[in-house]
Amino acid sequence: MIIKNIDNTLFLHKFNNAKFIGDNGTRIILDNNNKIQNLKPLQRNMNIKKISKIETEIYFSNIFIFTDHYGDKNIFHWFVEQFPVILFLFELIEEFPDIKIILNKYRKESVKNNIKETLFLVPGIKEENIYEFNIEEIGNSIKADNIFIGDSMRCGPERINKYWNQICSKSDLLNNIKNINEKKFSNKIYLSRRMTNTNTRVLTNVEEVSNIIVEKGYQEIFMENLSINDKICLFNNCTDIITELGAGMVNFIFCNNINLIVLMQNNNENNSFYNSHFRPIISQKNINVKILYGETVNNKHNGNAINTPWKLSLDKLLEI
């Protein structure tokens, strides 16, 4: 049952007296008649005929579930595909102060921490409202009087700025972040991937490139080490950013007026990746963009054609 609909993009589903089951990585809802609900937003391409025997079961009065396993992969997927349904939590936490927000216990640690920190931006949500659930074991189950499922799979990067602004308008969020964040960041930021080892989209001369950028007065920042509060504070106050093409660019929703230089390889796959995933976010901001192109070294990748190794001519950095 859909009980909330925002712009035909964000939906809040509700099930009464039902079970949420993590069955060997598959997310399943059993309704009060023990019938499997093949709810597409809960997991893509799901067509579950049967489930394993339920081995464990816990009970909560009310639970809220983020959808889809893609949001477990990196912060871009989570922000675009799951983050907007936080708008529903502003109401749910007031109506159900005991509500448990279910997170995948074994998702990437840095992503999980950022999700928790984002949840704490909603007034009333505390540590005890968050429950880390192991969906990888066979037959893990949560029984609840009310199961709420947020669905923002139709959001897309072109709408993410809009929903971020709505979330900010519901609280004194930005002022609170500025007041509690004591870290000092430079106005000129380099979002470095020299310590990143998540895929085969590797800048082969990253050490030389990074050293030159730092010598030009940019503060080197490793996004995986930052909290959400840090990111909001950093992006809200910087004036110049240099970054490789990557998931961390979703954080530009926090930006104001900046000059942006994107380092990326010049091939169809990466240009398409930039245009479909990040250009919709950047184009709605007052961001002056310059792209410095490098060349693909070879076409070997990890199964995703955008993740090919590449090299940037150091002469290109004279344009900074």
Search all heavy atoms of [X] against all heavy atoms of [Y] and return the closest pair with its distance.
| X | Y | answer |
| --- | --- | --- |
| P157 | P280 | C-CB, 4.1 Å |
| K231 | M223 | CE-O, 3.6 Å |
| I189 | C238 | CG1-CB, 4.0 Å |
| L260 | I287 | CB-CG2, 3.7 Å |
| N140 | N134 | ND2-O, 2.8 Å |

Any side-chain heavy atom of [X] sitting closer than 4.5 Å to one from [Y]?
| X | Y | value |
| --- | --- | --- |
| N229 | F120 | no |
| F15 | I149 | yes |
| Y274 | M264 | yes |

Drop me the distance from [X]'s [atom1] to [Y]'s [atom2], to the nearest 0.5 angstrom.
| X | Y | atom1 | atom2 | answer |
| --- | --- | --- | --- | --- |
| Q265 | L312 | CD | CG | 11.0 Å |
| I21 | L30 | CD1 | CG | 3.5 Å |
| F64 | N146 | CZ | CG | 13.5 Å |
| S210 | L263 | OG | CG | 9.0 Å |
| S283 | F278 | OG | CZ | 13.0 Å |

Is the closest side-chain donor-acceptor distance between [X] and [Y] under 3.5 Å?
| X | Y | result |
| --- | --- | --- |
| T308 | E269 | no |
| N16 | D145 | no |
| N271 | Y293 | yes |

Residues forming a salt bridge (charged side-chain N to carboxylate O under 4.0 Å, His left out) with K162, sequence neighbours excluded: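 Testing K162 for salt bridge (charged side-chain N to carboxylate O under 4.0 Å, His left out), a comparison that skips the adjacent residues, returns D7.
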Which residues pass the salt bridge (charged side-chain N to carboxylate O under 4.0 Å, His left out) test with K100, sequence neighbours left out?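 In terms of salt bridge (charged side-chain N to carboxylate O under 4.0 Å, His left out), with neighbours along the sequence ignored, K100 is linked to no residue.
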Take atom NZ of K105 as the centre, draw a 6.0 Å sphere, and report whether it contains more than 12 heavy atoms from other residues, nucleotides or ligands.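 No - once you tally the heavy atoms of other residues, nucleotides and ligands closer than 6.0 Å, there are 12 at most.
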Can you establish whether the number of heavy atoms outside R194 located under 6.0 Å from its atom CZ is more than 12?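 Yes, the 6.0 Å shell around CZ holds more than 12 heavy atoms from other groups.
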Same apolar cluster (I L V M F W Y, side chains within < 4.5 Å links), [X]/[Y]:
| X | Y | value |
| --- | --- | --- |
| V202 | V262 | no |
| I232 | I221 | yes |
| V206 | W310 | yes |
| I306 | F76 | yes |
| L292 | L314 | yes |

Tell me if a side-chain donor or acceptor on [X] pairs with a main-chain N or O of [Y] at a distance below 3.5 Å.
| X | Y | value |
| --- | --- | --- |
| D151 | M153 | yes |
| D31 | A18 | no |
| E117 | I228 | yes |

Tell me whether E208 is salt-bridged to K311, with the criterion being a basic N under 4.0 Å from an acidic carboxylate O.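 Looking at E208 and K311, the cut-off is not met.
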F222: hydrophobic cluster co-members (side-chain, 4.5 Å):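 M195, listed by chain and number.
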Given a cutoff of under 4.5 Å between side-chain heavy atoms of I, L, V, M, F, W and Y, with clusters grown through shared members, what are the other residues clustered with I2?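 Besides I2, the cluster holds F11.
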side-chain hydrogen bond (donor to acceptor under 3.5 Å, both in side chains) between E224 and S110, intermediate numbers included: CA-CA 6 Å; E224 54 267 39; S110 61; over 6 Å; no
Report yes or no: is the cationic atom of K188 (NZ for Lys, CZ for Arg) closer than 6.0 Å to the six-membered ring centre of Y218, at no more than 45° off its axis?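 The answer is yes, since K188 meets both limits relative to Y218.
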Mind listing the side-chain donor-acceptor pairs of residues 239-251 below 3.5 Å, one per line with the distance, residues two or more places apart or on another chain?
unit_1 : atom_1 : unit_2 : atom_2 : d
T239   : OG1    : N187   : O      : 3.2
D240   : OD2    : N259   : ND2    : 3.2
N251   : ND2    : G248   : O      : 2.8

Throw together a table of side-chain donor-acceptor distances under 3.5 angstrom for residues 83-98, partners on residues two or more places apart or in other chains.
unit_1 : atom_1 : unit_2 : atom_2 : d
E91    : OE1    : K4     : NZ     : 3.2
D98    : OD1    : N62    : ND2    : 3.2

Classify the ring geometry of F235 against F254: parallel below 30°, tilted from 30° to 60°, perpendicular beyond 60°.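 Rings of F235 and F254: tilted, as their planes differ by 30° to 60°.
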